[in-house]
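Counting convention: from 1, in listed order, for ligands and their atoms alike. Bear in mind that the values here come from a model prediction, so they are computed numbers and not experimental data.
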Amino acid sequence: MKKQILFRLLLALLLLGLPNSICAQESKSNTINESIRLETDRIFDKLVQIRRNFHQNPELAGKEIHTQQTIKKYLQDLGLQVETDAYGYGVVGILKGNQKGKNIAWRADMDALPNDFPDKADFKSKVQGVQHGCGHDVHLAIALGVAEVLSAHKNELHGTAYFIFQPEEETFAGAKNMIQKGWIDRYKIDEIYALHVTATPVGQIMVKSNELFAYQKELHMAFQTALTEEEVQQLSAKIKQLLVRTSNGSKPWEIQSMVDPAIGLASPNTIFADYCIAEEHFRAYPKDGAFYIDAEVYETDAARLKEIIPAVKRLIQEQGYGSRLLSVSFIKQNPTVQNDPKLTQAAIDFLDRLYGKGFVVSSYGQVPYFNDDFAYFQQKIPGVYFFLGGSNFNQGIIAMNHAPNFEVDESCIRTGVGAFSSLLFDRLK
Ligand SMILES: [Zn+2]
């Protein structure tokens with residue numbers, strides 16, 4: 001009898017209460033996401049203006065003074081708690097939702113590049129020799145946009161969102177120093193997210209679990225006595241022959257191929273998986289009575305990294321330089337972006353549910369030459385780093401970071417703010 005009552009009760013719950021509450025929850029989240037979309041549209045022009053302001057007033061790593069002031073004012077106007085003691089010219093905006101939830105951070109980098117390329121924009125850099133050639137101005141506008149959109153939903157917002165505006169990304173110092181200064185211990189962040197605009201089609205969000213970039217190592221070979229130019233060239237060629245590995249004669253150093261539908265990142269047949277490449281010209285120089293040869297190496301497979309130094313040593317000995325060789329080491333050992341597999345999948349599932357299956361494009365490869373010091377945050381907090389497409393090939397806009405003709409289709413700001421405001425709102429619950 002008891003069992004029967006329990007069964008009836010459960011059935012009643014299932015038929016009436018439970019589905020209703022799921023429906024109610026779903027329709028509530030649909031309403032929020034629609035409201036996020038409308039708010040994103042409402043502030044879009046303002047975000048474009050602020051992006052252009054950053055673009056016109058770029059600042060190098062360690063000198064992000066105007067950038068810091070602009071961000072600080074924007075966040076204070078939104079009513080956020082603003083802290084500027086995290087490290088350097090960094091800013092942290094703290095938005096507390098009115099509902100209980102998690103602590104989630106969104107990180108944007110602030111610095112520009114020491115470039116002086118021709119820029120056809122009306123809003124070109126006013127600072128000679130400094131340009132936003134990596135798109136961090138776009139990242140700043142998106143982060144401010146997400147902060148504004150979520151502020152507008154503070155009543156429904158769960159947990160606390162932390163907007164980290166990180167200085168000195170290009171020098172790989174900002175994230176590391178923020179962590180060393182105890183920033184992370186102070187806030188107990190559960191998850192952390194970031195994005196980078198890149199050369200893929202405008203508005204396309206691309207991601208993969210684990211490594212997004214190849215491991216970037218700087219090989220450093222020290223000799224007792226100087227090698228002649230010819231010896232350096234011969235030895236460099238041999239080392240390249242030893243290390244370079246690509247699939248079926250492909251050329252993953254041709255970075256522009258990353259947007260090629262057949263062999264680019266989005267193709268299961270991508271040439272950007274399982275490779276090792278070395279930079280074209282090795283640098284040879286005397287210093288303090290010794291002689292050095294340095295070379296950047298990009299390897300996709302973490303397990304193969306430890307083989308590089310012993311293999312190069314053996315080769316140098318085989319080539320007859322054994323008695324002159326002092327050491328072979330890595331002098332640059334930056335960590336690489338490592339996306340948490342569970343959070344990556346959760347983000348893909350959520351965004352695909354919201355915008356339709358396939359909205360998020362999976363990357364099958366690892367990008368060479370680039371990296372991001374966001375990797376340091378990911379060593380402490382599980383996180384996901386997304387690529388956001390900024391190219392508009394029909395309009396001749398190619399968002400290839402650091403390239404002389406780097407340009408961004410600003411409509412990616414709308415996609416970034418809308419998608420990631422919804423994602424953060426959901427993850428904070
Ligand atoms: Zn960058």
Side-chain angles (χ1 to χ4, degrees), residues 51 54-55 57-64 67-68 71 88-91 106-117 119 125 127 129-144 163-178 192-200 202 204-207 211-216 255-256 258-259 265 296 298 332 334-339 363 366-378 383-391 397-410 412-413 416 420:
R51 181 258 160 162
F54 290 127
H55 197 82
N57 300 284
E59 291 169 308
L60 291 175
K63 295 179 178 165
E64 303 93 338
T67 311
Q68 185 194 46
I71 293 164
Y89 291 105
V91 187
W106 179 268
R107 175 275 210 166
D109 39 11
M110 301 165 73
D111 50 336
L113 295 172
N115 287 346
D116 210 2
F117 297 129
D119 185 351
S125 169
V127 189
V130 185
Q131 291 175 332
H132 265 297
C134 198
H136 299 185
D137 50 345
V138 176
H139 304 171
L140 293 172
I142 291 174
L144 292 173
F163 296 92
I164 307 172
F165 293 86
Q166 180 217 301
E168 301 173 44
E169 190 283 322
E170 295 292 347
T171 52
F172 242 71
K176 196 157 90 182
N177 282 309
M178 272 183 133
I192 187 163
Y193 296 88
L195 64 75
H196 209 298
V197 286
T198 192
T200 47
V202 62
Q204 184 184 83
I205 292 172
M206 184 186 263
V207 75
E211 297 95 338
L212 210 59
F213 300 99
Y215 290 91
Q216 186 176 27
I255 185 98
Q256 69 277 12
M258 72 184 220
V259 295
L265 295 173
E296 298 255 5
Y298 304 89
K332 188 155 81 188
N334 294 332
T336 199
V337 168
Q338 288 274 3
N339 283 339
S363 167
Q366 289 164 246
V367 179
Y369 307 121
F370 292 96
N371 194 5
D372 196 304
D373 72 350
F374 182 68
Y376 286 109
F377 289 121
Q378 288 178 312
V384 187
Y385 180 93
F386 300 89
F387 286 134
L388 175 65
S391 293
I397 296 174
I398 316 280
M400 179 55 79
N401 316 89
H402 294 226
N405 60 346
F406 173 79
E407 254 190 298
V408 179
D409 182 328
E410 289 167 324
C412 72
I413 294 173
F420 294 114

Please walk me through it: do Phe213 and Phe387 pass ring pair (Phe, Tyr, Trp, His ring centres under 6.0 Å)? CA-CA 11 Å; Phe213 300 99; Phe387 286 134; 5.6 Å; yes
A side-chain contact here means heavy atoms from C-beta on lying under 4.5 Å apart; do His139 and His196 qualify? yes
Between Arg51 and Asp137, is there a side-chain heavy-atom distance shorter than 4.5 Å?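 Of all side-chain heavy-atom pairs linking Arg51 with Asp137, at least one is under 4.5 Å.
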Ring pair (Phe, Tyr, Trp, His ring centres under 6.0 Å) with Trp106: which of Phe374, Phe420, Phe163? Phe420
Near the Zn ion (ligand 1), which protein N/O/S atoms fall under 2.8 Å? Cys134 SG, His136 NE2, His196 NE2
Short question: side chain of Gln378, backbone of Gln338 - any donor-acceptor pair under 3.5 Å?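 Here the side-chain-to-backbone pair exists.
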For Tyr298 and Tyr369, take the angle between the two ring planes, folded into 0 to 90°, and tell me which bin it lands in: parallel under 30, tilted 30 to 60, perpendicular over 60. perpendicular
